[in-house]
Amino acid sequence: MAGTKEIKNHIGSVQETRKITNAMYLIASTKLRRARAELDNTRPYFEALRSEIKRIFRTAEDVDSRYFYPQDDEPPLDGPYGCLVITADKGLAGSYNQNAIRRAQELLAQHPNTKLFVVGEYGRRFFAQRGIPIEHSFLYTAQNPTMARAREISALLLERYDRRELEKIYLVYSDMQNSASFEARSTRLLPFHRSDFASPTPERAITEPFEFLPSVTAVLDSMMPSYLSGFIYSALIDSFCCEQNARMTAMDNANQNAEELLSELGVRYNRVRQSAITQEITEVSAGARAQRQRKSRKGG
């Protein structure tokens, strides 16, 4: 059985670990609040942009754009696919990274010719270690999602799409459903369906005709890159929020486990200490009894 010194050292080690996990919990909480605020500040612009795209489809139903499927049916697209995978730069975030990578692997299994575009050191390291080729790795941290980086990602993907190097582009990211849960999602970025911009409720009828210069297709094509950048930026922020939420949960569980372990070690320490005290008392009593017996024999 471990002695008091070993148990005391173990208690000290757990206490130091608890300080680290508690600090990581507080840091993740701060980052989560800041990221949510940034997302709330930018969301109105992209919601307005989406509304304008919906307005175009309400006023010009026969609009044609390379970013959208034809109006009637979906043609088979058998060329290479692209997949943008958003992961974290490190672990210690529960199942956050594994869920996103699992979604990407499912897409790779369905379409082996899928080309990977990866954000986050964890994803880069995972695919590299398994010999899975990465078409392009965005070598900036996933810890600081910005609109500028979203535009860089969007521009690269659009360039490949416009050159017909990619027939479809998918996005794998983590979506925060509420403050307590999140889900890894795989969604198609390009091409869009017109139904993606359908209004769930009837909107006010448009009585005045719109004039698009130079054409409705040109207007729509100029809007879609901004919308795509906003979608990617929202996914980066969403994933970052999910990462911090997952890390908070993992660190909170670690803190609770540390508390339980400290309680167990405290009980064990008290038992060992009490056992040592009892043994010392027994030894002193036995020595005193031996002295009394020796004296009594001498006196007799």
Side-chain angles (χ1 to χ4, degrees), residues 31 35 66-67 76-176 182-192 224-225 227-247 250:
K31 289 182 177 180
R66 66 184 183 277
Y67 298 128
L77 298 175
D78 300 326
Y81 291 2
C83 179
L84 175 62
V85 185
I86 302 176
T87 65
D89 289 325
K90 56 185 177 181
L92 298 177
S95 61
Y96 167 78
N97 289 300
Q98 288 77 11
N99 290 343
I101 287 174
R102 191 178 301 117
R103 286 287 187 180
Q105 288 178 313
E106 291 173 359
L107 187 61
L108 286 171
Q110 296 171 2
H111 304 283
N113 61 345
T114 299
K115 299 180 179 180
L116 294 177
F117 300 80
V118 182
V119 174
E121 180 61 29
Y122 191 98
R124 289 193 290 267
R125 187 169 59 249
F126 178 89
F127 292 118
Q129 289 175 348
R130 286 156 182 78
I132 301 174
I134 298 176
E135 180 70 15
H136 187 88
S137 184
F138 299 97
L139 298 178
Y140 36 68
T141 176
Q143 294 295 305
N144 185 27
T146 63
M147 191 62 213
R149 290 174 177 174
R151 288 194 180 99
E152 291 177 10
I153 297 172
S154 174
L156 176 65
L157 294 176
L158 280 174
E159 181 184 3
R160 300 288 183 90
Y161 182 79
D162 291 339
R163 294 205 305 249
R164 299 297 182 185
E165 295 178 8
L166 302 174
E167 292 291 340
K168 289 183 182 180
I169 299 177
Y170 286 85
L171 171 63
V172 173
Y173 71 106
S174 299
D175 180 33
M176 180 170 284
F182 62 90
E183 178 186 8
R185 296 185 58 187
S186 174
T187 185
R188 189 179 61 208
L189 281 178
L190 289 174
F192 292 104
M224 292 313 301
Y227 178 76
L228 194 66
S229 298
F231 197 105
I232 292 175
Y233 177 65
S234 177
L236 289 171
I237 293 287
D238 239 350
S239 296
F240 183 68
C241 289
C242 292
E243 177 194 349
Q244 302 310 317
N245 187 67
R247 184 161 290 115

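Along the sequence shown, residues are numbered consecutively beginning with 1.
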Report the residues that fulfil side-chain contact (heavy atoms from CB on, under 4.5 Å) with S234, sequence neighbours left out, ordered by chain and then residue number.
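In terms of side-chain contact (heavy atoms from CB on, under 4.5 Å), with neighbours along the sequence ignored, S234 is linked to L39.
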Those residues that, when tested against R160, pass side-chain contact (heavy atoms from CB on, under 4.5 Å) (two or more places apart):
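Per chain and number, R160 pairs via side-chain contact (heavy atoms from CB on, under 4.5 Å) with F117, E135, L156, R163, E165, L166.
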Check this for me: does any side-chain nitrogen of one of R149 and E152 sit under 4.0 Å from a carboxylate oxygen of the other?
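No, this pair does not count.
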Mark yes or no for whether [X], through its side chain, and [Y], through its backbone, hold a donor-acceptor pair below 3.5 Å.
X	Y	value
R103	V85	no
R130	F126	yes
R151	S154	no
N97	T87	no

Could you measure the distance from the [atom1] atom of [X] to the [atom2] atom of [Y]? Nearest 0.5 Å is fine.
X	Y	atom1	atom2	value
E167	Y161	CD	OH	7.5 Å
L236	M147	CG	CE	9.5 Å
H136	I153	NE2	CD1	8.5 Å
I101	F127	CD1	CZ	5.5 Å
R125	S137	CZ	OG	11.5 Å
C83	I134	SG	CD1	11.5 Å

Does the side chain of [X] reach to within under 4.5 Å of the side chain of [Y], using non-hydrogen atoms?
X	Y	answer
V119	L84	yes
L108	L116	yes
T187	Y173	yes
S174	E183	no

Run the side chain to side chain contact (heavy atoms under 4.5 Å, CB included) check on I232 and I86 step by step: do they pass?
CA-CA 10 Å; I232 292 175; I86 302 176; 5.6 Å; no
ring-ring contact (aromatic ring centres under 6.0 Å, His included) partners of residues 92-114, not counting sequence neighbours, each pair once:
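Qualifying pairs, neighbours excluded: Y81-H111.
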For V118 against R124, the heavy-atom pair lying closest together:
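So the two residues come closest at CG1-N, 3.7 Å.
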